[in-house]
Amino acid sequence: MNLGSLRMFFKKGDQRTILLKKNILASVVLKGISMLISLFIVPITINYVNPVQYGIWLTLSSLMAWFYFFDIGLTNGFRNRFTTLKACGKLKMARVYVSTTYAALFISFVVFMSVMIPVSFIVDWSSVLKVDQSYCEELRMTFAVLLGFFGLNIVFQTFSTMLIADQRSAFSSGIQVLGQGLALLVIFILTKTVKSGSITSLAFIFSGIPFVTLVLCSIIFFNTRYRQFRPNFGYIRLKYVKDILGIGGKFFIITTSMLFIYQIINIIISRNLGPEVVTQYNISHRYFSILTMVSSLVIGNVWSAFTDAYAQKNFEWMRRIASILQKALLAGIPVTVIMYFLATPFINLWIDKKVTVPAEINICEAIYIFANFCGNIYMYMINGIGKIHIQLVIYLTFAIIAYPCMSWLCRLYGVPGVLLIPASVYFIQAISGHIQINKILNNTATSYWNK
């Protein structure tokens with residue numbers, strides 16, 4: 001394909017399709033940069049601290065991921081509402097929803113921090129994570145730092161959500177990549193100037209730098225390109241919080257359930273097998289997550305595009321995109337197999353043999369990530385449409401049984417046992433999602449399939 005044909009490809013189609021193609025192209029470049037940064041961050045960070053400290057940091061980070069979703073579903077509810085309002089030309093009301101979401105999340109942040117900061121200094125995190133007591137005070141300070149930055153991110157991520165809702169996910173990804181790059185630069189400088197690092201300094205670098213980057217970019221965009229949606233006290237209407245929470249509340253239950261299923265993996269491994277195994281698992285996970293990152297270039301943009309198309313009742317466009325995504329799912333099988341056979345030599349080259357990852361972890365991680373790929377393809381299309389009741393039932397059911405089952409399987413089979421439950425959830429989501437999306441797009445969805 002020559003340059004002229006490439007330009008024609010990105011100009012062909014309706015406005016929504018052209019925008020989707022451009023977002024995907026920009027996302028490919030940005031995700032490529034992000035992947036390189038992620039690959040470099042691991043060995044550089046291990047050089048800055050040590051494998052045990054890095055394992056503790058990963059476990060603590062997975063705990064903090066829970067608090068990223070303390071928005072009671074407001075951001076996902078806001079995402080769908082903003083896209084729908086903008087598609088219908090209701091720009092003033094869209095600004096009301098932007099302002100109201102910021103206000104509601106700020107109130108949530110204040111309540112959240114007033115409770116969690118005192119708690120963070122009471123909890124014995126060394127006992128929780130089953131690590132040496134010498135880390136106790138450092139972990140308390142680290143957790144307080146993470147709480148502060150993650151809490152503020154709850155509020156300011158509204159801007160990133162708005163960009164994604166406006167089908168400008170490339171802008172959102174660009175801001176994230178900039179924050180990642182600056183954090184990598186700081187870590188690299190510290191490895192050359194500081195003899196030994198600390199877990200607390202990692203918290204300031206990996207949480208503080210991306211947050212400051214996000215704030216500065218949001219100020220710039222709200223005073224230029226998105227001036228008409230700039231949050232303003234005069235546009236706050238708290239009565240619309242209930243409307244945002246209509247679908248947002250369901251998203252909150254789903255997200256919270258997913259956290260119980262997926263974010264406890266590091267915790268269970270740490271408690272039963274030790275922080276060193278957490279490091280092994282996460283190195284394998286980062287490698288195989290390349291498939292997730294590549295697939296997100298497309299499906300990440302599809303969510304809001306489907307919301308826009310569904311608001312305008314363009315089922316023909318949705319059926320065409322769904323067909324393309326289902327073909328991409330089949331292409332993921334050979335890709336996953338190839339990645340498995342390349343895993344050991346790649347990881348050895350990447351980490352310079354500082355950490356050895358057992359083969360059974362790699363094969364189970366490959367299956368888990370492919371299951372994630374399958375489930376996400378259907379989940380993102382359905383999320384855009386807003387018919388998420390079946391998802392809610394699936395994730396809530398597994399969330400109830402996740403911890404005891406995963407802990408028991410971990411004691412019996414190690415890391416492969418832990419991954420059995422989350423992989424099963426994604427495969428079930430993929431099967432039910434395939435049935436539901438076909439019913440919705442063919443106007444045959446009834447009962448729970450249409451909720």
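Starting from 1, each residue takes its place in the sequence as its number.
The line from OH of Tyr395 to CD1 of Ile253 is 14.5 Å long, rounded to the nearest 0.5 Å. Annotation: the span from Leu184 atom CG to Ile189 atom CD1 amounts to 9.5 Å, rounded to 0.5 Å. Rounding to the nearest 0.5 Å places NZ of Lys451 at 8.0 Å from NZ of Lys250. To the nearest 0.5 Å, atoms CG (Asn438) and CH2 (Trp449) are separated by 10.5 Å. How far OH of Tyr426 is from CD1 of Ile394: 12.5 Å, rounded to the nearest 0.5 Å.
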Go through the steps for Phe78 and Tyr97 under the test ring pair (Phe, Tyr, Trp, His ring centres under 6.0 Å), then give the verdict. CA-CA 7 Å; Phe78 162 71; Tyr97 273 72; 7.5 Å; no
side-chain hydrogen bond (donor to acceptor under 3.5 Å, both in side chains) between Tyr448 and His389, intermediate numbers included: CA-CA 7 Å; Tyr448 290 112; His389 183 81; 5.1 Å; no
Thr142 vs Thr200, side-chain hydrogen bond (donor to acceptor under 3.5 Å, both in side chains): CA-CA, chis, key distance, verdict: CA-CA 5 Å; Thr142 302; Thr200 304; 2.8 Å; yes
Checking ring pair (Phe, Tyr, Trp, His ring centres under 6.0 Å) for the pair Tyr310/Phe306: CA distance, chi angles, key distance, verdict? CA-CA 6 Å; Tyr310 191 71; Phe306 257 60; 8.9 Å; no
Using atom types as modelled, flag every donor-acceptor pair under 3.5 Å from a side chain in residues 163-175 to any protein atom, sequence neighbours excluded.
{"residue": "Asp166", "atom": "OD1", "partner": "Lys86", "partner atom": "NZ", "Å": "3.0"}
{"residue": "Asp166", "atom": "OD2", "partner": "Tyr226", "partner atom": "OH", "Å": "2.6"}
{"residue": "Ser169", "atom": "OG", "partner": "Asn301", "partner atom": "OD1", "Å": "2.1"}
{"residue": "Ser173", "atom": "OG", "partner": "Ser169", "partner atom": "O", "Å": "3.1"}

Result block: side-chain N/O donor-acceptor pairs under 3.5 angstrom for residues 333-350, not counting sequence neighbours:
{"residue": "Thr336", "atom": "OG1", "partner": "Gly332", "partner atom": "O", "Å": "2.7"}
{"residue": "Asn348", "atom": "ND2", "partner": "Thr344", "partner atom": "O", "Å": "3.3"}
{"residue": "Trp350", "atom": "NE1", "partner": "Leu39", "partner atom": "O", "Å": "2.4"}

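A side-chain donor from one of Ser201 and Ser198 sits under 3.5 Å from a side-chain acceptor of the other.
Sorted by first then second residue, the ring pair (Phe, Tyr, Trp, His ring centres under 6.0 Å) pairs that include residues 187-210, not counting sequence neighbours, are Trp57-Phe206.
Applying the ring pair (Phe, Tyr, Trp, His ring centres under 6.0 Å) test between Phe221 and each of Phe229, Phe156, Phe159 identifies Phe159 as the sole match.
For Phe106, the CZ atom counts as loosely surrounded, since its 6.0 Å shell holds 12 or fewer non-hydrogen atoms of other residues, nucleotides or ligands.
Residues Met379 and Gln429 meet the side-chain proximity criterion, which asks for heavy atoms closer than 4.5 Å.
Side-chain atoms of Thr158 come within 3.5 Å of backbone N or O of Val155 as a donor-acceptor pair. Side-chain N or O atoms of Ser99 include none that pairs as donor or acceptor with a backbone N or O of Ile236 at under 3.5 Å.
Taking the six-membered ring for Trp and thresholds of 30 and 60 degrees, Tyr380 and Trp303 have ring planes more than 60 degrees apart, a perpendicular arrangement.
Taking both residues in full, the closest heavy atoms of Val177 and Ser34 are given as CG2-CB, 3.9 Å, listed atom of the first, atom of the second, then distance.
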